[in-house]
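Along the sequence shown, the residues carry numbers beginning at 1. Start at 1 and go down the list; that is how both ligands and their atoms are numbered.
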Amino acid sequence: MFLPSFRLDGKRAVVTGAGRGIGRALAVGLAEAGADVALIARTREDLEETASIIHELGSRTLILQADVTKRKEVQQAVAQVQGEWKNIDILINNAGMNIRSKALEVTDEEWQTIMDTNLKSAFMFAQEIGKIMKEQPTGGRIINISSVAGHVALRTGVVYASTKAAMIQMTKVLAMEWGQYGINVNSIGPWYFKTPLTAKLLADEDYVRDILAVTPLKRVGELPELVGPVVFLSSEAGSYVSGQTLFVDGGMTIHGF
Ligand SMILES: NC(=O)C1=CN([C@@H]2O[C@H](COP(=O)(O)OP(=O)(O)OC[C@H]3O[C@@H](n4cnc5c(N)ncnc54)[C@H](O)[C@@H]3O)[C@@H](O)[C@H]2O)C=CC1
Ligand SMILES: C[C@H](O)[C@@H]1OC(=O)[C@H](O)[C@@H]1O
């Protein structure tokens with residue numbers, strides 16, 4: 001038999017930023033594939049909405065209200081998941097934000113907020129959950145949500161781009177260090193998908209025209225198109241993929257002239 005399983009039945013996943021946008025789509029998609037999902041964000045109401053969608057699918061959830069930039073809150077959230085579920089099989093480092101300042105206008109506070117939310121949080125969750133996966137005979141899967149901005153130069157902010165490029169490199173080093181424990185570490189690099197983070201920009205016709213001009217598939221992505229690659233990397237089907245970044249970008253990162 002050559003077709004491996006894409007199912008996640010019996011798996012326990014943690015998704016950061018699961019209250020809306022890509023995080024909610026990924027959490028629901030993992031549940032549709034059979035996983036139970038621990039949902040992390042700061043706004044309980046958003047998490048409860050994601051959880052109610054997942055409960056209709058028959059999967060279990062844990063709701064963990066936490067600020068992912070704070071080590072103590074990361075540790076408390078992970079301890080709660082481990083206490084309830086023992087195993088953690090999948091970590092999706094999705095939480096992120098952007099302040100689209102031009103380089104000369106970036107303030108120290110903006111730098112710190114973007115770095116802490118996008119990069120430090122991913123590393124802290126990788127550390128806290130990597131410790132658990134290391135002791136599991138089944139290891140685990142870590143998927144970092146980077147961006148095309150970590151690979152090509154965008155006009156949407158140098159600090160954000162730096163965090164996304166760093167995530168790609170962090171993915172490689174963690175994959176190398178933790179492969180011996182059966183932990184696969186990969187990244188996903190999305191181009192534009194309509195979410196609260198990008199809704200304003202994607203409402204601007206001129207901006208969308210600029211996006212499509214460098215996108216071979218001539219459209220922005222639909223959220224299920226991001227869920228598929230993440231379920232692949234989380235499942236048996238992705239068992240020999242590690243240290244990689246899969247750009248889900250309509251071909252944008254290869255657009256030349
Ligand atoms: N939407 C897009 O077109 C693209 C998004 N991405 C990345 O995908 C990820 C998700 O983006 P979207 O869903 O579009 O954003 P979003 O703004 O819709 O959702 C971000 C999520 O992160 C959570 N979050 C932010 N700061 C947090 C904190 N300190 N503690 C806990 N939770 C926090 C928010 O509550 C929210 O649930 C981000 O890492 C973003 O950089 C990458 C490329 C394109
Ligand atoms: C594609 C980028 O990750 C995304 O686009 C935006 O406008 C956001 O600020 C991010 O840069």
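- In terms of N/O distances under 3.5 Å, ligand 2 is approached by Asn98.
- Residue contacts with ligand 1 include Thr69, since one or more of its heavy atoms lies under 4.0 Å from the ligand.
- Atom 37 (O) of ligand 1 has its closest protein heavy atom at Gly17 O, 3.2 Å.
- Tyr192 and Tyr207 have perpendicular rings, their planes meeting at more than 60° on a 0 to 90° scale where under 30° would count as parallel.
- Nearest approach of Val68 to Met124, heavy atoms of both residues: O-CE, 3.3 Å.
- The distance from ligand 1 to the heavy atoms of Ala41 drops below 4.0 Å at these ligand atoms: 31 (C), 32 (N).
- For Met97 against Thr113, the heavy-atom pair with the smallest separation is CE-CG2, 3.8 Å.
- Closest to atom 19 (O) of ligand 1, if we only count protein heavy atoms, is Arg20 NE, 3.4 Å.
- Summary of contacts: the protein heavy atom closest to atom 2 (C) of ligand 2 is Ser147 OG, 3.5 Å.
- Nearest-residue assignment for atom 30 (N) of ligand 1 (options Thr50, Val68, Leu119; heavy-atom criterion): Val68.
- Atoms of ligand 2 found under 4.0 Å from any heavy atom of Tyr192, numbered from 1 in the order shown, are 5 (O), 6 (C), 7 (O).
- Partner Arg24 forms a side chain to side chain donor-acceptor pair (under 3.5 Å) with one of Thr195, Asn94, Thr50 and no other, that one being Thr50.
- The nearest heavy-atom contact from the protein to atom 8 (C) of ligand 2 is Arg100 NH2, 3.4 Å.
- Ligand 1 is approached by Thr117 to a heavy-atom distance shorter than 4.0 Å.
- Considering each of Pro190, Gly189, Ala18, the one bringing a non-hydrogen atom nearest atom 43 (C) of ligand 1 is Pro190.
- Of the listed options Gly23, Pro196, Ala122, Ser146, Ser146 places a heavy atom closest to atom 42 (C) of ligand 1.
- Remark: ligand 1 atoms within the under-4.0 Å shell around heavy atoms of Tyr160 are 6 (N), 7 (C), 40 (C), 41 (O), 42 (C), 43 (C).
- Under a 4.0 angstrom heavy-atom cut-off, Arg24 registers as lying outside contact with ligand 1.
- A salt bridge between Arg60 and Glu84 is absent, with no side-chain N of the basic residue lying under 4.0 Å from a carboxylate O of the acidic one.
- Counting heavy atoms only, Leu197 comes closest to atom 11 (O) of ligand 1 of the residues Leu154, Leu197, Leu223.
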| Test log, rule side chain to side chain donor-acceptor pair (under 3.5 Å), inputs Thr171 and Ser187 | CA-CA 7 Å; Thr171 295; Ser187 275; 2.7 Å; yes
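- If you check which protein heavy atom lies closest to atom 20 (C) of ligand 1, you get Gly96 O, 3.7 Å.
- In terms of protein heavy-atom proximity, atom 8 (O) of ligand 1 is nearest to Ile145 CG2, 3.5 Å.
- Among protein heavy atoms, the minimum distance from atom 14 (O) of ligand 1 is reached at Thr195 OG1, 2.5 Å.
- For atom 39 (O) of ligand 1, the choice among Ile114, Asn94, Asp67 with the nearest heavy atom turns out to be Asn94.
- Against a heavy-atom cut-off of under 4.0 Å, Ala66 is close to the following atoms of ligand 1: 30 (N), 31 (C).
- What sits closest to atom 11 (O) of ligand 2 on the protein, heavy atoms only, is Thr156 OG1, 2.9 Å.
- Tyr160 OH, 3.9 Å is the protein heavy atom nearest to atom 4 (C) of ligand 2.
- Checked against a 3.5 angstrom limit, the closest N/O atoms of Ile40 and ligand 1 fall outside it.
- Near Ser147, the atoms of ligand 1 lying under 4.0 angstrom from a non-hydrogen atom of the residue are 42 (C), 43 (C).
- Heavy atoms of Met97 stay at 4.0 angstrom or farther from ligand 1.
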